[in-house]
Each structure stands twice: as C-alpha cells, then as structure tokens.
Asker: 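Questions regarding the structure given below will be posed in turn.
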There are 4 protein chains.
Amino acid sequence: MPDMKKLTRAEQKARRPAQILDAAFEEFVERGYVATRVEDIADRVGVTKGTIYVYFETKEQLFEAMIRHISVPFEDLLASAHKLSGTCSERLESLIALLYDHIVENRRLRELMRFVISEGSRFPQVVDRHHEEFIDPLNAYLQSLIDEGVKHGEFRSAPAAFADAVVAPAIAMLIFTLIFNDRRVLDKTTYFEAHVDLILHGLVA
Amino acid sequence: MPDMKKLTRAEQKARRPAQILDAAFEEFVERGYVATRVEDIADRVGVTKGTIYVYFETKEQLFEAMIRHISVPFEDLLASAHKLSGTCSERLESLIALLYDHIVENRRLRELMRFVISEGSRFPQVVDRHHEEFIDPLNAYLQSLIDEGVKHGEFRSAPAAFADAVVAPAIAMLIFTLIFNDRRVLDKTTYFEAHVDLILHGLVA
Amino acid sequence: MPDMKKLTRAEQKARRPAQILDAAFEEFVERGYVATRVEDIADRVGVTKGTIYVYFETKEQLFEAMIRHISVPFEDLLASAHKLSGTCSERLESLIALLYDHIVENRRLRELMRFVISEGSRFPQVVDRHHEEFIDPLNAYLQSLIDEGVKHGEFRSAPAAFADAVVAPAIAMLIFTLIFNDRRVLDKTTYFEAHVDLILHGLVA
Amino acid sequence: MPDMKKLTRAEQKARRPAQILDAAFEEFVERGYVATRVEDIADRVGVTKGTIYVYFETKEQLFEAMIRHISVPFEDLLASAHKLSGTCSERLESLIALLYDHIVENRRLRELMRFVISEGSRFPQVVDRHHEEFIDPLNAYLQSLIDEGVKHGEFRSAPAAFADAVVAPAIAMLIFTLIFNDRRVLDKTTYFEAHVDLILHGLVA
DNA sequence: CATGAATGAGTTTTCATTCAT
DNA sequence: AATGAATGAAAACTCATTCAT
C-alpha cells in the first residue's frame with residue numbers, strides 16, 4: 001500500500017505545535033485573550049480540547065508561545081536593516097520601506113502590535129520583551145543612522161526624540177490599519193510617499 | 001459649616017450615573033471589556049451589583065455609555081482647533097500643541113484609543129462613531145490648513161496623505177504612552193519639539 | 001372647583017386592593033406564579049412596586065388573596081344550584097347549564113382551575129379550600145339530586161362515582177378551553193347539547 | 001458473579017441523557033418549569049450542573065426533550081387502540097379501559113397533561129404537538145367507532161361533540177388525580193364502571 | 001400613602017482544566 | 001498522543017423585599 005499522504009504520523013505530530021499556534025493566533029486576534037476559548041482553537045486545528053493541553057500547560061502559556069511564534073519575522077526585519085547600504089538618505093528611505101513591508105503589510109506583526117496594546121497589562125513581560133528585542137534595537141539603529149547623516153553633513157542637526165518622529169508615520173498607518181481592519185482601505189504607496197517626502201525634506205541640511 | 005456630605009437622595013441619584021461611568025472607565029481600562037466584572041465596577045462605586053443594573057441594562061450598554069462619557073473632551077479639542085488664528089504655520093504648530101495637550105496628556109482620550117484598538121471588533125459602532133465624529137473632522141481641518149498654506153505660498157505643494165503624516169508623531173507618542181503606561185517615562189516637550197521641528201522643516205516652501 | 005373625577009382620594013384608595021388583585025390575576029395567568037414579577041403587577045395597576053407591598057406583605061400572600069378574590073363567583077353558582085326547581089331531570093339539566101355558564105364561560109373560574117392544577121403543590125391549602133368550599137358541596141348536591149331521582153323512579157339505579165361521570169363533560173370542556181386558550185374555538189352549545197343528551201339517555205330509568 | 005456496576009465509560013455516557021431526562025421529569029413535576037433549578041436536576045442524577053450542559057444546551061431545550069421523552073407511551077396507546085376487535089360496544093369499552101390504563105394510571109402521561117396545562121403558554125409548540133400527535137388521532141378513531149356503531153344500528157344517532165363527551169369521565173378522573181396527587185384516593189375501578197355504565201346506557205340504540 | 005433606589009441571595013450559563021480510557 | 005466526559009469556580013443578570021424620603 002503506497003503511502004498516499006506525504007506526512008508520516010511522526011511528521012504530523014511534529015507539526016502540531018505550529019498548527020496550534022497558528023490557530024491560536026487567529027482566534028486570539030478575533031476575540032482577544034479572555035474571550036477566546038481553548039475549544040475554539042482546538043476546533044480550528046481539528047482536534048479536541050484535551051489535545052491542546054498535551055502541548056501547552058495553560059491557556060496563558062499558549063498565548064505567550066503564540067506571541068513568540070508570530071514575533072519571528074521581526075528578526076528578519078532587523079537583519080535586513082543592518083544589511084542596508086548607500087548614503088544615509090538612501091538607507092533611511094530603505095529602512096522606512098522595510099517598515100512598511102514588514103510591519104504595515106505583515107498581518108502577524110501588525111496584530112502583534114494589537115496584542116501589545118490590548119493585552120499589555122495582562123502580559124507585561126510580553127510588552128517588555130517586544131521592546132527590548134525589537135523596538136529598542138530598531139530605534140538604536142535609526143538613531144545611529146541619523147547621527148551618521150548629521151556627522152557627514154547629509155542631515156541637519158536634529159533635536160532629541162527625532163528618531164521617533166521619523167518613523168511615526170509608519171506607526172500611524174499601522175494603527176489605522178489595525179483599527180479599520182477592512183472597513184476603510186488605506187493605500188500603502190500613498191502613505192509611504194508622503195512619509196518619505198516629509199521626512200527627507202524635514203531632515204536635509 | 002458648609003455641609004459637605006449632606007447629599008439629598010435626589011442629588012445622590014443624579015450623581016450615580018457619572019459615578020458608575022467613571023468607575024467603569026477605570027475598571028475597563030485595567031482589565032479590558034471581557035475580563036472586567038460588573039461587580040468590580042460596583043465595588044469601586046461602593047454599591048452592589050444590582051445597583052449597576054438599575055442604571056444600565058447590560059454590561060455592553062454600560063461600556064458604550066462609558067465610551068460616550070469619556071469622549072466629551074474631544075469636542076473641546078475640535079472647538080479649540082477651529083478658534084485658532086495666525087499664519088498657517090502658527091496655526092499648524094498650535095494645532096499640534098492642542099493634540100499633545102488633549103490627546104497625549106488627557107488620560108481619558110488616550111485610553112479611548114486603547115478601547116478603539118482592543119475592543120473595536122466587539123464594538124464596531126464605537127470605532128466608526130469615534131472616527132466620524134472626531135478623527136475625520138480633525139483631519140479635514142488639518143487638510144484645509146495645509147491647502148491654505150500651499151495656496152498662500154507658505155507651504156510647498158505636498159503629496160496626498162500628507163495630513164496623516166503631519167500628525168503621525170503625536171499618534172506615535174500616544175501609542176507609546178499607552179503601551180508603557182508608567183514603565184517608561186516619555187517627555188512630552190521633547191517629543192513636541194522634535195515633532196514641530198520635523199514637520200515645519202518638511203513643509204516650508 | 002367642581003370635582004371632575006367621580007372618585008375622591010379615599011374612594012380611590014378603597015379600590016386599590018381590588019385593582020391590584022385584578023392585575024395580579026392577569027399577570028399570574030399569563031406567566032404563572034414564579035415567573036410573574038411583582039413589578040409587572042404594579043405596572044399594570046399604574047403604581048410602583050412599593051405600593052404593592054403597602055397592601056400585601058409578600059408575593060405569596062398576594063397570590064392567595066387573588067385566589068380568594070376570583071373564587072367569589074363560585075358562591076353564586078352554589079346559591080343558584082340550590083334554588084333550582086322542577087323534576088329531577090329538569091334540575092339536572094339546569095345544573096349542567098349552570099356549570100357551563102359559570103365555569104366554562106367565566107374566565108376567572110376557568111383560570112382558577114389552572115392555578116389549582118399548576119400551583120397546587122406550592123399552595124396545597126388553596127386546592128384543599130377550593131375543594132372543600134366548592135367542589136364537595138356541588139358534588140353532594142348532585143349526588144342528592146341523583147339519589148332523589150332514583151327514589152322517585154325518574155332515574156335508574158346507578159353505580160358509585162356516577163355523580164363524577166355526570167359532570168365530567170363540563171370538566172373536560174373546561175380543560176380543553178384552558179389548554180387551547182384561543183387557538184381552537186370550541187362551541188359551548190354543541191358541547192352542552194351532547195352532554196345533556198348523553199347523560200339523560202344514560203340515566204333515565 | 002455478574003458485575004452489576006461495572007459500566008464502561010461508553011455505557012455510562014449512553015445512559016446519561018435518559019438519566020437526566022428522568023431526573024428532569026421528577027423535578028419539573030415537583031416544582032414546575034421556572035422554579036426548577038438545573039442544579040436540582042443535576043443533584044438528582046448525581047452529577048454537577050456543568051454535566052447537564054454537556055448534554056443539553058439550555059434549560060428550555062432540556063424541558064422540551066423531557067416532554068418528548070415522556071410522550072413515548074402515548075404511541076403504545078394509539079397502537080393498542082387500533083388493534084381492538086369485537087362489536088362496537090366491546091371496542092368502545094376496551095378503548096375506555098385503555099384510557100384508564102394508560103392515561104389515568106401512567107404517571108408520566110398524567111403529568112404530561114399537567115405540563116400541557118401549566119406550561120402551555122410558555123411552550124405552545126409542546127401543546128400543539130401533543131394534540132396533533134395524540135389527542136386528534138385518538139379522537140378521530142373514537143369518532144369513527146361511534147359512526148360505525150350508528151351505521152350498524154348498534155348505537156343511536158348521536159349529536160356532534162359526542163365523542164368528547166364519551167371520553168370525558170376519563171379526562172375528569174385524570175384531572176382529579178392530578179389535583180389531589182395522594183391527598184385523596186380515587187378508585188380507578190369504581191370510576192371505570194360508572195363511566196362505562198353511563199355511556200353504554202347513553203349510547204345504545 | 002406612595003415612591004423607587006438599593007440590596008443580596010439566587011439562577012442560568014460558560015469554560016479552563018483534569019483524567020480515565 | 002488524543003479524546004471528551006466531568007468538574008467547579010466564576011460571571012451576568014434577576015427580582016422580592018426594604019426603607020428613607
């Protein structure tokens with residue numbers, strides 16, 4: 001008897017955790033941490049409640065594991081940022097493009113922001129980890145980019161907190177997208193152009 | 001001796017709804033809609049569960065009433081914006097100052113944003129009302145300000161979606177404040193200066 | 001100042017208990033004892049909950065008072081029965097006519113039967129009183145009528161429990177009316193004729 | 001040694017619904033629909049509240065399922081009625097005997113009548129179903145029996161609604177039994193004899 | 001008398017979690 | 001590993017009753 005299904009039972013089993021985390025993501029996005037039932041997640045995977053508890057001890061640990069699971073693409077973003085080359089302006093523009101591509105467009109990273117905002121007080125470690133691992137490094141890189149631009153005479157000397165202002169339009173678009181889900185369509189390109197236009201004019205020496 | 005605590009029954013009754021809505025705000029902020037127990041709200045007011053139901057039919061209606069209750073200061077913001085005078089740059093700077101004063105600093109409006117993000121899918125009317133009544137008018141006013149500045153030669157001609165980019169730093173600071181609550185202290189003045197500096201440089205003709 | 005309302009305040013007050021009992025009857029009929037709220041009764045009278053408690057100590061006592069209130073017409077029935085004259089057959093037919101007029105047609109006595117059946121285990125005294133005061137005397141009178149008819153040679157000698165069988169069709173129609181409320185229309189005259197026809201043929205010597 | 005109590009999980013599970021419905025019947029009989037607590041039913045089964053909800057979605061659905069559960073013996077009654085043979089008088093007497101055996105004596109069918117009377121307005125479908133499935137067919141059969149008897153010259157020509165009058169004594173006894181529960185003892189045989197005596201005398205040509 | 005705000009005990013229903021199979 | 005029956009702690013909501021005005 002030829003094995004029709006490409007997945008052996010062992011392979012099937014190896015995928016379970018990821019399957020559960022993917023399902024958990026969808027359910028938690030839809031209803032939030034408290035209102036999501038473990039059974040909803042199980043149903044989405046096509047198993048029963050009990051199975052979830054085979055892999056995760058509590059709903060809380062499942063949530064935290066899910067957060068780690070969807071945070072992975074952030075590492076790519078950081079890696080990509082560090083590989084940029086060109087003038088400071090060019091690198092800045094590319095960095096902003098990366099933000100739009102990874103954060104605004106990637107649903108998982110977008111919803112990660114929603115979890116940080118809405119479940120933050122229930123899972124403070126999640127927020128802190130998120131910032132220590134992603135936001136702070138990104139901000140540091142951006143700051144170094146601005147400093148370098150200033151030193152090279154490419155950018156004018158800028159006040160403190162400038163780095164935050166520089167990425168703000170991407171954050172704002174991310175938030176709007178989160179809020180409107182599908183009810184209003186926002187055009188990424190239009191936003192990106194206005195963003196780059198504003199900050200490059202605002203920064204040039 | 002002024003009788004401070006001699007509230008008649010009628011006075012007491014007149015204050016109840018506001019008392020409950022204030023308490024509801026605090027509890028909903030702390031735990032979110034689903035995890036907040038009606039009894040927590042009652043305890044905070046110093047009454048029993050039943051009393052809450054004398055004034056509000058369901059937890060859902062209480063939540064919606066609370067949102068309307070805390071949205072009031074937004075009207076002041078809009079009114080103040082329309083009273084601004086001076087050159088376009090001056091009015092733009094003043095408008096941004098208003099945003100920092102009203103939105104970033106006013107805890108209620110700040111948390112309103114959190115509700116919009118975290119309870120939006122449960123209360124879509126809340127989000128829509130919020131945008132129709134506040135965000136859209138504010139945006140329209142801002143856009144007209146920019147258009148006027150361009151026509152008068154005060155601002156350079158700008159791409160679409162520029163208005164959004166212009167207020168973005170305030171939004172971003174609002175979000176950060178929301179996320180860190182008290183764990184990281186952000187200085188409003190520093191942000192405000194960086195913000196104005198960036199956009200005025202970015203806008204001037 | 002001419003007194004427009006025919007009722008002085010004192011008269012108004014004197015009517016309150018009856019008003020409340022009438023309202024209570026309607027509400028208890030509609031929803032049963034447990035599901036009826038004291039407030040529903042108050043609303044129907046046009047007063048507030050508190051007023052009900054001015055006149056009746058508890059919901060339970062109100063229910064019992066209501067039962068006594070609607071039982072009054074039964075006394076008329078008994079009085080009328082004792083005033084009948086004519087041959088035994090004539091008096092029997094008249095008695096059955098009285099049953100249809102008073103019990104089947106009078107909504108209050110009809111619903112009294114429903115209360116006896118549905119709230120009987122909660123208010124056993126109600127049932128017992130009902131039988132002692134009304135059913136037993138009626139039955140005794142009927143039995144004496146039959147006995148007299150047998151003695152006079154008007155009726156044939158009948159087995160025990162015959163009296164119950166003789167009134168049964170009226171009971172059955174009462175029950176059907178109760179069950180169908182308005183969903184099926186039963187014609188009293190048709191039932192009455194079949195009833196009299198059956199028992200007179202069944203009884204005559 | 002036969003293992004009496006060694007129920008496998010599967011067996012246990014298979015019995016649960018019937019166990020719950022039996023317990024529900026007892027509790028609903030005792031206190032009526034509204035006053036019965038789901039927990040009372042659970043206690044009677046020896047499980048906890050939650051278990052009831054594993055098998056029935058709501059108290060309402062549980063009640064309706066219980067009604068269907070106890071209605072089953074009615075089908076036997078109908079089946080038995082259709083199997084009767086003999087002269088019309090014999091079949092009529094046998095039919096009445098069936099009524100006493102199945103309805104008056106079978107506690108479940110008796111209490112079904114109470115539910116129809118007391119919960120009818122809350123569950124109109126229950127009443128309608130009850131009549132469409134049981135009362136109407138029984139009545140139709142009885143009518144055809146009388147018609148046949150008239151045609152064969154066994155019975156005299158009877159007025160409309162005669163069929164109802166013919167079974168009325170059984171209904172009346174059912175109601176009395178319901179009302180007195182155990183407080184007055186009614187002798188079925190005495191009633192049955194009076195009943196048959198009355199209607200056979202009333203019907204014969 | 002009448003009111004209606006407030007109470008608190010009670011009831012239905014939900015759901016994370018456990019554990020025997 | 002997977003199941004799903006069972007649990008029990010909680011939470012929204014109800015309502016008879018009280019009592020200050």
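Residue numbering restarts at 1 for every chain, and letters A, B, ... go by the order of the sequence lines.
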Asker: Look at atom CD of A/E57 and say whether more than 12 heavy atoms of other residues, nucleotides or ligands are closer to it than 6.0 Å.
Answerer: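 Counting other residues, nucleotides and ligands, CD of A/E57 stays at 12 neighbours or fewer.
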Asker: Grab the CZ-P distance between B/R15 and E/dA5 for me, whole Å please.
Answerer: 17 Å
Asker: In whole angstroms, how far is the P atom of E/dC1 from the CD atom of C/Q19?
Answerer: 13 Å
Asker: In whole angstrom, give the distance that lies between atom CD of A/E39 and atom P of E/dT18.
Answerer: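 Computing the A/E39:CD to E/dT18:P distance gives 16 Å.
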Asker: From CG of D/D43 over to C1' of F/dT7, roughly how many Å is that when rounded to an integer?
Answerer: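 Taking atom C1' of F/dT7 as the reference, CG of D/D43 is at 13 Å.
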Asker: With no hydrogens and no angle check, is any side-chain donor or acceptor of A/R114 less than 3.5 Å from a backbone partner on A/V29?
Answerer: no
Asker: Hey, which of these two, D/V34 or A/V34, hits DNA chain E nearer its 5' end, going by closest nucleotide?
Answerer: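 Looking at the nearest nucleotide for each, D/V34 comes out on the 5' side.
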Asker: On DNA chain F, nearest-nucleotide positions of D/V54 versus C/V38: which is more 5'?
Answerer: D/V54
Asker: Looking at B/F25, I'd like to know if the NZ or CZ of B/R108 sits under 6.0 Å from its six-membered ring centre while staying within 45 degrees of the ring's axis.
Answerer: yes
Asker: With a distance cut-off below 6.0 Å to the six-membered ring centre and an angular limit of 45° from the axis, does C/R122 pair with C/Y33 as a cation-pi contact?
Answerer: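 No, C/R122 does not lie over the aromatic ring of C/Y33.
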Asker: Report the base-pairing partner of F/dA20 (Watson-Crick or G-U wobble, both distances below 3.5 angstrom), or none.
Answerer: E/dT3
Asker: Report yes if at least one side-chain N or O of B/Y55 is closer than 4.0 Å to OP1 or OP2 of E/dA6; otherwise report no.
Answerer: yes
Asker: Measure OH/A/Y33 against C1'/E/dC15 and give the value in whole Å, please.
Answerer: 12 Å
Asker: Taking DNA chain F as the partner, which of residues 44-53 of chain A come within under 4.0 angstrom of it by heavy atom?
Answerer: A/V47, A/T48, A/K49, A/G50, A/T51
Asker: Quick one: pull up OG1 in D/T51 and CZ in D/R16 and give me the separation to the nearest 0.5 Å.
Answerer: 6.5 Å
Asker: Rounding to an integer number of Å, can you tell me how far C/R37 CZ sits from E/dT11 C1'?
Answerer: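 C/R37 atom CZ is separated from E/dT11 atom C1' by 15 Å.
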Asker: Between B/A23 and B/V45, which heavy-atom pair has the shortest distance, and what is it?
Answerer: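 Closest approach of B/A23 to B/V45: CB-CG2, 3.5 Å.
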Asker: Quickly work out the A/I41 CD1 to F/dA2 C1' distance and round it to whole Å.
Answerer: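 Value for this atom pair: 17 Å.
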Asker: E/dA16 P sits how many Å from A/Q61 CD, rounded?
Answerer: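 One finds 15 Å between P of E/dA16 and CD of A/Q61, rounded.
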Asker: Could you pick out which residue, C/T36 or D/R16, lies toward the 5' side of DNA chain F when each is mapped onto its nearest nucleotide?
Answerer: D/R16
Asker: Could you measure the distance from the CD1 atom of D/I67 to the CG atom of D/L21? Nearest 0.5 Å is fine.
Answerer: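 Reported value, rounded in 0.5 Å steps: 10.5 Å.
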